Peer 1: 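Quick one: structure below, then a few questions.
Convention: sequence-line order gives letters A, B, ...; per-chain numbering from 1. Quick caveat: nothing in here was measured; it's all calculated off a predicted structure.
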Protein chains: 2
Amino acid sequence: MTISEVSEQYGLTADTLRYYEKIGLIPRVERKKNGVRDYQEEDCKQIAFIKCMRSAGMPVETLLRYMSLIRQGEETSKERMGLLVEQQEILLKKRQEMDDTLKRLEDKIACFKEKEKSKKRQACGCI
Amino acid sequence: MTISEVSEQYGLTADTLRYYEKIGLIPRVERKKNGVRDYQEEDCKQIAFIKCMRSAGMPVETLLRYMSLIRQGEETSKERMGLLVEQQEILLKKRQEMDDTLKRLEDKIACFKEKEKSKKRQACGCI
DNA sequence: ATACAACATGGAGTCCGCTCCAAGTCAAGC
DNA sequence: GCTTGACTTGGAGCGGACTCCATGTTGTAT
């Protein structure tokens, strides 16, 4: 797969894909004779995972650690799991926060609608 | 309330509070004779809201717009509600994504545990 | 043959959201 | 009277994660 195909498929710009390779988040991608990148299935799997974790807010730094552990083989699996569990905890907390914010938004929006309906234009308690 | 009390209460640094005031996210806070900030209840309400929206990922730019609409009075309420609804949609989408990621993490972690239990050290399909 | 688009590279620049700094003021305690 | 600590200001600096740029090479279409 070319870089533009991968870019298309995973919603990452070509620049970002090159950047990830440059910083070693993914190993050096194979090139064709002419020097053009030719992404293998394994690369794509990793990119999918990276994309997923990045959009969930895992820092590049942590991913870098994780991907390097993968390359070091099976004996690092405990440490890798640790990283995943850590991230899981972070995400669960984030989701809780998000739910609180959503509740707050809902209330506010409901309050706007209420005002609209009753045609009363006074300010309500919420800012 | 002094800046350090507000900072304490809402988990924002004094620097961040001054920064929010500087960029006009909150209106100029009242000062005591000696020039020290004295936060009023209204300021605190706004800060609570800002903190909440910021940690849910609403960009400062959007909040700036929202807060400026508030200052313009009741006739902007429709536009304000629009911003909130927009943000709500963004958050709902984000939460969906987050749930997908959590699912993925769970699966991976389960996979690690499985491997551990069965004492088989072979790689599993997931990266 | 020439034009064009898609790629490559190394390195510089950008954006966001703070965070830190230097220099100064002030109130309270010793 | 002096030190200490919490505050003030304007402005510079920073970290993360890209994003853009200049320059160069290729393969393909006209």
Peer 1: To the nearest angstrom, how far is B:Glu21 atom CD from C:dC18 atom P?
Peer 2: 15 Å
Peer 1: Are any of A:Thr16's side-chain N or O atoms less than 4.0 Å away from OP1 or OP2 of D:dA17?
Peer 2: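 For A:Thr16, the contact criterion (side-chain N or O under 4.0 Å from OP1 or OP2 of D:dA17) is not met.
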Peer 1: Strictly by modelled atom types, are B:Glu42 and B:Gln46 linked by a side-chain donor-acceptor pair under 3.5 Å?
Peer 2: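 A donor-acceptor contact under 3.5 Å links the two side chains.
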Peer 1: If I take atom CD1 in residue A:Ile3 and atom C1' in nucleotide D:dT19, what distance separates them, rounded to the nearest angstrom?
Peer 2: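 Value for this atom pair: 13 Å.
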Peer 1: Evaluate whether atom CD of A:Glu61 has more than 12 neighbouring non-hydrogen atoms of other residues, nucleotides or ligands under 6.0 angstrom away.
Peer 2: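 Counting other residues, nucleotides and ligands, CD of A:Glu61 stays at 12 neighbours or fewer.
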Peer 1: According to a strict under-4.0 Å criterion, is B:Thr2 in side-chain N/O contact with OP1 or OP2 of D:dC7?
Peer 2: yes
Peer 1: Take A:Lys103 and A:Asp100, measure what salt bridge (charged side-chain N to carboxylate O under 4.0 Å, His left out) needs, and give me the verdict at the end.
Peer 2: CA-CA 5 Å; A:Lys103 179 82 182 62; A:Asp100 295 348; over 6 Å; no
Peer 1: May I ask you to evaluate whether B:Thr13 reaches the phosphate of C:dC18, defined as a side-chain N or O under 4.0 Å from OP1 or OP2?
Peer 2: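 Negative; the distance criterion is not met.
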Peer 1: Identify, residue by residue, the members of residues 24-43 of chain B with a heavy atom below 4.0 Å from DNA chain D, and return them in order of residue number, or none.
Peer 2: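 Heavy-atom contacts with DNA chain D come from B:Arg31, B:Gly35, B:Val36, B:Arg37.
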Peer 1: Find the distance B:Lys22:NZ to D:dG11:P and express it as a whole number of Å.
Peer 2: 8 Å
Peer 1: Between atom CG in A:Leu63 and atom P in D:dG16, what is the gap in whole Å?
Peer 2: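 Taking atom P of D:dG16 as the reference, CG of A:Leu63 is at 14 Å.
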Peer 1: Taking OH from A:Tyr19 and P from D:dC18, how many angstroms apart are they, rounded to a whole number?
Peer 2: 6 Å
Peer 1: Closer than 4.0 angstrom, basic N to acidic O: yes or no for B:Arg18 and B:Asp15?
Peer 2: yes
Peer 1: What integer distance in Å separates B:Asp15:CG from D:dA6:P?
Peer 2: 14 Å
Peer 1: Whole-Å distance between D:dA6 C1' and B:Arg18 CZ?
Peer 2: 9 Å
Peer 1: Distance check needed: C:dG10 C1' versus A:Ile23 CD1, whole Å only.
Peer 2: 16 Å
Peer 1: Check each residue of residues 82-98 of chain B for a non-hydrogen atom within less than 4.0 Å of any atom in DNA chain D, then write out the ones that pass by number, or none.
Peer 2: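 Per residue number, the list is empty: none.
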Peer 1: Could you walk me through whether B:Leu83 and B:Gln87 pass the side chain to side chain contact (heavy atoms under 4.5 Å, CB included) test, one step at a time?
Peer 2: CA-CA 6 Å; B:Leu83 286 179; B:Gln87 184 61 15; over 6 Å; no
Peer 1: Start with the C-alpha distance between B:Met67 and B:Ile50, add both sets of side-chain angles, then the distance that settles side chain to side chain contact (heavy atoms under 4.5 Å, CB included), and finish with yes or no.
Peer 2: CA-CA 9 Å; B:Met67 302 311 276; B:Ile50 289 166; 3.9 Å; yes
Peer 1: Under 4.0 Å between any heavy atoms, over every strand shown, what does A:Arg54 touch: base, sugar-phosphate, or nothing? Just pick one.
Peer 2: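 Sugar-phosphate, no base atom in range.
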Peer 1: Any side-chain to backbone donor/acceptor pair from B:Asp38 onto B:Arg31? Under 3.5 Å, distance only.
Peer 2: no
Peer 1: Grab the two heavy atoms, one from A:Tyr39 and one from A:Cys44, that are nearest each other, plus how far apart they are.
Peer 2: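 Distance-wise, the nearest heavy atoms are CB-SG, 4.5 Å.
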Peer 1: Please determine if a side-chain N or O atom of A:Tyr20 lies less than 4.0 Å away from the OP1 or OP2 oxygen of D:dA17.
Peer 2: no
Peer 1: Can you tell me if B:Glu8 has over 12 outside heavy atoms packed within less than 6.0 Å of its CD?
Peer 2: no
